[in-house]
Amino acid sequence: MEQPKGVDWTVIILTCQYQESVHVFQTELEVRQKREQIPPGTLLLAVEDPETRVGSGGATLNALLVAAEHLSARAGFTVVTSDVLQSARILILHMGRDFPFEDCGRAFTCLPVENPEAPVEAVVCNLDCLLDIMSHRLGPGS
């Protein structure tokens, strides 16, 4: 059975608490794009929270600002403009707080599941399931 057409996200942003995590999370998003879980034209961003304990509201606003900066530059603007957000489909995922017993964070915890429809065989983690749910079940039509 073929999976229904999902949302073509313009930007997928993963917020993280620490600067040290940004590169690792960015790489993980890019790996999923290479595996064709994320369309090739989607802008992938891992963004550090603007300050500690900013909360999900502050992290969301910061992520939207970073997305607007990147989309404005991509569209050829020399200043940030909100016009680029009008038709953009932006998915913001929050990593949340780090816990000592989770080396890679909750998003990258491996799950005891298999995806037989995946283009390549790979370990499935929380992030993969969340991307699938948001792109194919909740996102379409929203």
Side-chain angles (χ1 to χ4, degrees), residues 3-142:
Q3 192 169 25
K5 174 89 169 99
V7 175
D8 286 329
W9 300 109
T10 309
V11 183
I12 295 177
I13 303 173
L14 188 59
T15 68
C16 46
Q17 200 172 14
Y18 304 109
Q19 175 63 36
E20 296 81 24
S21 306
V22 170
H23 177 71
V24 174
F25 296 156
Q26 180 73 32
T27 303
E28 285 294 328
L29 288 172
E30 291 168 0
V31 164
R32 279 149 182 80
Q33 195 168 45
K34 287 178 185 169
R35 283 193 268 179
E36 299 176 5
Q37 287 176 270
I38 300 172
T42 303
L43 177 61
L44 305 174
L45 300 170
V47 178
E48 178 189 12
D49 291 345
E51 58 184 70
T52 57
R53 300 195 181 274
V54 71
S56 60
T60 299
L61 291 174
N62 183 58
L64 281 174
L65 175 62
V66 172
E69 290 171 346
H70 282 267
L71 291 173
S72 295
R74 189 185 258 190
F77 292 100
T78 57
V79 295
V80 177
T81 177
S82 63
D83 295 344
V84 296
L85 299 176
Q86 291 291 339
S87 61
R89 300 200 53 133
I90 301 172
L91 177 62
I92 300 173
L93 303 170
H94 298 285
M95 282 296 294
R97 284 178 270 162
D98 289 337
F99 294 100
F101 54 86
E102 294 175 330
D103 291 343
C104 298
R106 288 173 279 191
F108 299 103
T109 300
C110 295
L111 301 174
V113 296
E114 187 177 328
N115 184 359
E117 297 172 8
V120 294
E121 186 176 340
V123 174
V124 176
C125 65
N126 282 329
L127 179 67
D128 301 315
C129 292
L130 188 57
L131 282 171
D132 180 63
I133 290 168
M134 294 305 299
S135 298
H136 296 101
R137 297 182 192 164
L138 295 177
S142 65

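For clarity, every value in this text was computed on a predicted model and none was experimentally measured.
Evaluated for a side chain to side chain contact (heavy atoms under 4.5 Å, CB included) with L44, the options R32, E28, E30 yield exactly one hit, E30.
Counting heavy atoms from C-beta on, the side chains of D132 and Q37 never come closer than 4.5 Å. Taking 4.5 Å as the limit, some side-chain heavy atom of L111 sits within range of a side-chain heavy atom of N126.
For E114, there are no side chain to side chain contact (heavy atoms under 4.5 Å, CB included) partners at least two apart in sequence or on another chain. Judged as a salt bridge (Lys or Arg N to Asp or Glu O under 4.0 Å), and not counting sequence neighbours, R74 has no contacts.
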Do any side-chain atoms of residues 7-14 form donor-acceptor pairs under 3.5 angstrom with protein atoms, and if so which ones, sequence neighbours left out?
unit_1: D8; atom_1: OD1; unit_2: K5; atom_2: NZ; d: 3.1
unit_1: D8; atom_1: OD2; unit_2: K5; atom_2: NZ; d: 2.9
unit_1: W9; atom_1: NE1; unit_2: S135; atom_2: OG; d: 2.8
unit_1: T10; atom_1: OG1; unit_2: R89; atom_2: N; d: 2.9

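From S82, atom OG reaches atom CG of L64 across 11.5 Å, with rounding to the nearest 0.5 Å. Considering CG of L93 and SG of C16, their distance stands at 11.5 Å, rounded to 0.5 Å. Taken to the nearest 0.5 Å, the CZ atom of F77 stands 14.5 Å off from the CD atom of E69. Remark: E48 CD to E20 CD distance equals 7.5 Å, nearest 0.5 Å.
Side-chain N or O atoms of Q33 include one that pairs as donor or acceptor with a backbone N or O of P39 at under 3.5 Å. Between the S72 side chain and the T81 main chain, a donor and an acceptor come within less than 3.5 Å of each other. Checking side-chain atoms of D49 against main-chain N and O of N62 turns up no donor-acceptor pair under 3.5 Å.
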Open item on the list: Pair V47, I92 - check side-chain contact (heavy atoms from CB on, under 4.5 Å), show working.
Closed with: CA-CA 10 Å; V47 178; I92 300 173; over 6 Å; no
Open item on the list: Under the criterion side-chain contact (heavy atoms from CB on, under 4.5 Å), I'd like the reasoning laid out for V84 against H70: C-alpha separation, chi angles, the key distance, then a yes or no.
Closed with: CA-CA 10 Å; V84 296; H70 282 267; over 6 Å; no
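Smallest separation of non-hydrogen atoms from L138 and M134: CD1-SD, 3.8 Å. For the residue pair L71 and A88, the shortest heavy atom distance occurs at CD1-CB, 4.0 Å. For the pair L45 and A67, the tightest heavy-atom approach, listed with the atom from each and the gap, is CD1-CA, 4.2 Å.
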